[in-house]
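Here the structure comes first, spelled out in structure tokens, and everything after it is commentary.
To find a chain, count down the sequence lines: A is the first, B the second, and so on, and within it residues start at 1.
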2 protein chains.
Amino acid sequence: MAASIKDVAREAGVSIATVSRVLNNVDVVNEDTKKKVQEAIKKLGYRPNIVARSLKTQKTKTIGILVPDISNQFYPEVVRGAEDVANIYDYNIILCNSDSDLDKEKEYIRVLKEKMVDGMLYMSSSLDKEILNLIDEVEIKTVLVETKIAGEKYPSVTIDNKKAAYDATKYLLDKGNQKVAFIGLKKDKNNATSQRYSGYEKALKDAGKEVDLGLVYFGDLKAADGYNGINVILENQEIDAVFCASDEIAMGAINALRDKGLSCPEDVDVMGFNDSYAASIFYPKITTVAQPMYDMGSVGMRMLIKIVNNKPLDEDQYTLQYYLVERDSVKK
Amino acid sequence: MAASIKDVAREAGVSIATVSRVLNNVDVVNEDTKKKVQEAIKKLGYRPNIVARSLKTQKTKTIGILVPDISNQFYPEVVRGAEDVANIYDYNIILCNSDSDLDKEKEYIRVLKEKMVDGMLYMSSSLDKEILNLIDEVEIKTVLVETKIAGEKYPSVTIDNKKAAYDATKYLLDKGNQKVAFIGLKKDKNNATSQRYSGYEKALKDAGKEVDLGLVYFGDLKAADGYNGINVILENQEIDAVFCASDEIAMGAINALRDKGLSCPEDVDVMGFNDSYAASIFYPKITTVAQPMYDMGSVGMRMLIKIVNNKPLDEDQYTLQYYLVERDSVKK
DNA sequence: GTGAAAGCGCTAACAC
DNA sequence: GTGTTAGCGCTTTCAC
């Protein structure tokens with residue numbers, strides 16, 4: 001067993017209370033006593049037992065992070081941003097992969113409660129009312145990342161997905177493209193990613209165009225969906241451009257185009273979303289809407305740590321800036 | 001404050017010891033008493049405080065995972081594999097990003113000790129003796145993933161990087177390629193990834209060829225390194241093929257080739273390493289050595305959990321199988 | 001400025 | 001079969 005506070009006290013010839021005081025830089029401990037204690041600590045290689053401290057203080061200095069799947073393209077960077085900030089303030093993170101499964105999420109939240117995390121960063125493809133209720137019930141301080149509940153009490157950090165998609169679609173339209181297709185998720189009011197379709201719709205309408213469902217393909221966010229989407233859409237008509245709700249879709253779409261003898265951007269403009277690392281390596285390099293993934297994590301964690309320490313928040317609902325990265329998959 | 005074991009005891013009209021017994025399915029508790037307790041638990045929505053339990057049992061049911069950087073291509077899948085297994089056995093994971101920085105690693109290991117993790121999965125690009133000493137000192141049960149210390153006591157799960165690189169290079173040679181280049185990390189005995197160069201060397205020698213340093217470029221594992229590598233190598237001579245120590249390098253290399261008017265695989269065969277998701281989407285689809293990343297994590301965690309629970313290990317040093325994925329970046 | 005002692009919520013002897 | 005109690009390693013109040 002490692003040395004405990006008792007050992008240090010004995011070694012230094014003081015009481016454990018005094019050792020605790022120097023550990024926490026609290027009260028005015030006599031300089032000499034302090035020195036003695038510090039020497040004893042060093043000699044024994046003593047490190048406080050944080051579990052014991054946590055039980056007493058009711059603070060664990062650990063934060064739970066719930067993500068759908070860390071092996072998904074989006075989350076590693078968010079988590080990295082979050083962990084970096086956590087680390088600065090001496091917090092650690094417990095990482096949980098929920099697969100966006102409601103039961104798994106609920107179980108993780110309960111376990112996080114049992115482990116007395118000081119707070120939680122919650123990410124999910126959708127936002128179920130049951131989860132929100134559970135969060136209230138277990139009283140874990142929580143910041144929502146990627147999704148938000150408009151006008152509700154839950155602090156959040158998001159980007160404006162609808163507006164981003166609007167801008168992306170408009171960009172394609174402004175290039176003179178007539179038939180602009182869409183491949184992505186179906187509309188669903190609680191799902192951040194699916195709001196991209198709304199932005200697409202609005203951009204078309206504002207440009208005086210009808211949404212032609214023959215130009216729209218709903219699937220998941222994978223490359224395969226982009227590939228299939230192009231094949232399905234092209235069965236009925238030609239297109240000038242396609243806005244994809246993820247970079248992976250965009251890459252799949254470009255591959256499908258190429259397999260049909262069409263090239264990007266010469267024949268069809270393709271726009272992605274996220275600016276994942278692969279988007280910058282792909283050929284052609286993907287023009288895309290960059291989400292500040294690292295920042296979403298770090299800002300979220302910063303907010304959470306403030307909340308945990310009862311500090312006031314500058315803002316409750318952070319909306320971070322996306323930006324359009326112009327590369328080679330859309331004509332200049 | 002959430003309900004404690006005392007509240008449950010009071011509610012059920014029994015002692016806390018009895019509540020503890022039903023919680024842990026221990027001893028023979030009378031069926032009726034058990035029912036009463038369970039009802040009280042349900043009524044109060046009671047969940048045990050694991051921090052308190054941990055202090056008593058000296059087990060936290062949490063495992064530390066040290067990775068260089070979760071936003072690096074390789075680790076998310078490993079971590080996912082590890083977390084899935086951990087979850088099955090009711091463990092949670094604390095994720096730490098070290099950037100392979102020695103001081104950061106040391107500090108994380110100490111903090112993990114303070115938080116009394118039951119064990120640790122350690123991944124790093126290299127394996128410093130200081131770290132090993134520290135692990136011994138703090139006595140955290142540890143499994144090494146990706147790297148290993150030959151003939152030492154540390155359990156590990158790895159692939160045979162040298163042999164994998166040997167096979168990959170030989171594959172390129174067997175296709176009739178005369179000048180096979182290499183882009184990757186410089187040799188370094190403790191770094192798993194850098195052993196790929198040794199495999200490359202050996203394959204050439206076994207094929208009766210000298211290693212031509214003009215065909216070798218050492219850098220990092222990024223796409224930019226592949227891009228630069230090709231440009232540097234091609235300054236002096238033409239090549240028939242290139243073995244890249246990562247898929248990212250391979251993609252960068254292919255891009256550089258294309259920018260020089262050379263196509264892959266028609267003019268130059270390119271082989272990657274890892275089989276990251278992007279490798280299967282890239283054009284051309286990358287022929288590569290697949291590392292079982294998910295399995296490395298899950299096998300490592302399985303070993304660790306056995307160790308933590310003092311169960312015997314079937315093997316100490318797991319060497320997992322890699323395999324060659326034949327796609328389109330090498331001529332058929 | 002320092003020590004004694006209570007208590008955080010739990011488990012596990014030990015007693016009955 | 002169940003209750004009492006000590007104690008895990010710390011922090012913090014209250015004395016002195």
Side-chain angles (χ1 to χ4, degrees), chain A residues 1-38 40-41 44-62 90 110-111 113-118 138-139, chain B residues 1-38 40-41 44-62 90 110-111 113-118 138-139:
Chain A
M1 186 85 75
S4 82
I5 197 170
K6 265 189 200 164
D7 302 314
V8 177
R10 190 182 316 118
E11 178 71 30
V14 299
S15 76
I16 60 168
T18 300
V19 177
S20 176
R21 286 190 188 101
V22 345
L23 245 32
N24 298 290
N25 303 308
V26 95
D27 289 11
V28 209
V29 180
N30 181 300
E31 271 305 316
D32 288 347
T33 326
K34 196 172 181 176
K35 207 159 284 174
K36 271 195 303 184
V37 171
Q38 283 165 338
I41 287 174
L44 299 177
Y46 169 75
R47 286 233 146 192
N49 179 320
I50 298 192
V51 175
R53 176 181 291 171
S54 298
L55 183 59
K56 182 65 195 176
T57 61
Q58 303 288 342
K59 291 187 198 315
T60 53
K61 284 277 181 177
T62 114
D90 297 322
R110 293 206 180 91
V111 170
K113 175 63 182 181
E114 293 179 346
K115 295 207 171 169
M116 283 179 57
V117 294
D118 294 340
V138 298
E139 297 180 306
Chain B
M1 184 87 75
S4 83
I5 197 169
K6 266 190 198 162
D7 302 314
V8 176
R10 191 182 315 116
E11 177 71 31
V14 298
S15 76
I16 60 167
T18 300
V19 177
S20 175
R21 286 190 188 101
V22 345
L23 244 33
N24 297 291
N25 303 306
V26 95
D27 290 10
V28 212
V29 179
N30 181 298
E31 270 307 315
D32 288 347
T33 326
K34 194 172 182 176
K35 205 158 285 171
K36 270 196 302 182
V37 172
Q38 283 165 337
I41 287 174
L44 299 176
Y46 169 76
R47 286 233 146 193
N49 180 320
I50 298 192
V51 175
R53 177 182 291 171
S54 297
L55 183 59
K56 180 66 195 176
T57 62
Q58 303 288 342
K59 290 187 198 318
T60 53
K61 284 275 181 181
T62 113
D90 296 323
R110 294 206 180 92
V111 170
K113 176 62 182 184
E114 292 179 345
K115 294 208 170 167
M116 283 178 59
V117 293
D118 295 339
V138 299
E139 297 180 305

Hits for salt bridge (Lys or Arg N to Asp or Glu O under 4.0 Å) against B:Asp118, two or more places apart or cross-chain, chain-then-number order -> none
For A:Arg53 and D:dG9, is the shortest distance between a side-chain N/O and OP1 or OP2 below 4.0 Å? no
Starting at atom CD of A:Gln58, determine the distance to atom P of C:dG7, rounded to an integer number of angstrom. 15 Å
Integer-rounded Å distance: D:dG9 C1' and B:Lys115 NZ: 16 Å
Nearest-Å distance, CG (B:Asp32) to C1' (D:dG1)? 12 Å
Checking B:Arg47 now: which residues fulfil side chain to side chain donor-acceptor pair (under 3.5 Å) with it, not counting sequence neighbours? A:Glu114
Just report the end-to-end axis angle for the helix from C:dG1-D:dC16 to C:dC16-D:dG1, five pairs per end, to 10 degrees. 40°
Specify the separation, in whole Å, of atom OH of B:Tyr46 and atom P of C:dG9. 10 Å
Judged by each residue's nearest nucleotide on DNA chain D, which is more toward the 5′ side, A:Thr57 or A:Lys6? A:Lys6
Gap between atom CG of A:Asn49 and atom CD of B:Gln58 - 0.5 Å precision: 7.0 Å
With a non-hydrogen cut-off below 4.0 angstrom, is A:Ser20 in contact with a base, only sugar-phosphate, or nothing? base
Of all residues at least two apart in sequence or in a different chain, which pass the side chain to side chain donor-acceptor pair (under 3.5 Å) check with A:Lys61? none
Return the value, rounded to whole Å, for the distance between atom CG of A:Leu55 and atom C1' of D:dT12. 14 Å
Which residue, B:Val51 or B:Val26, contacts DNA chain C at a nucleotide closer to its 5' end, judged by nearest heavy atom? B:Val51
Residues that B:Thr33 engages under side chain to side chain contact (heavy atoms under 4.5 Å, CB included), provided they are two or more places apart: B:Val14, B:Thr18, B:Val29, B:Asn30
The criterion is side chain to side chain contact (heavy atoms under 4.5 Å, CB included); which residues satisfy it with B:Lys6, sequence neighbours excluded? B:Ser4, B:Ile16
Listing time: all N or O pairs from protein to nucleotides 2-6 of chain C that are below 3.5 Å?
| residue | atom | partner | partner atom | Å |
| --- | --- | --- | --- | --- |
| C:dT2 | OP1 | A:Thr33 | OG1 | 2.3 |
| C:dT2 | OP2 | A:Asn30 | N | 2.8 |
| C:dT2 | OP2 | A:Thr33 | OG1 | 3.4 |
| C:dG3 | OP2 | A:Ser15 | N | 2.9 |
| C:dG3 | OP2 | A:Ser15 | OG | 3.0 |
| C:dG3 | OP2 | A:Thr18 | OG1 | 2.6 |
| C:dG3 | N7 | A:Arg21 | NH1 | 3.3 |
| C:dG3 | N7 | A:Arg21 | NH2 | 3.4 |
| C:dG3 | O6 | A:Arg21 | NH2 | 2.4 |

Sequence neighbours left out, what passes side chain to side chain contact (heavy atoms under 4.5 Å, CB included) with B:Ile41? Give chain and number order. B:Val8, B:Val22, B:Leu23, B:Val37, B:Tyr46
Between CG of A:Asp7 and P of D:dC8 the distance, given in whole Å, is 11 Å
Report the distance from atom NZ of A:Lys61 to atom P of D:dT11, rounded to the nearest whole Å. 13 Å
Using side chain to side chain donor-acceptor pair (under 3.5 Å) as the criterion, list what pairs up with B:Lys113, not counting sequence neighbours. none
Salt bridge present between B:Lys35 and B:Asp32 (N-O < 4.0 angstrom): no
Nucleotide C:dC8, atom C1' - distance to CG of A:Asn49 in whole Å: 13 Å
Does a nitrogen or oxygen in the side chain of A:Asn24 sit under 4.0 Å from OP1 or OP2 of D:dT11? yes
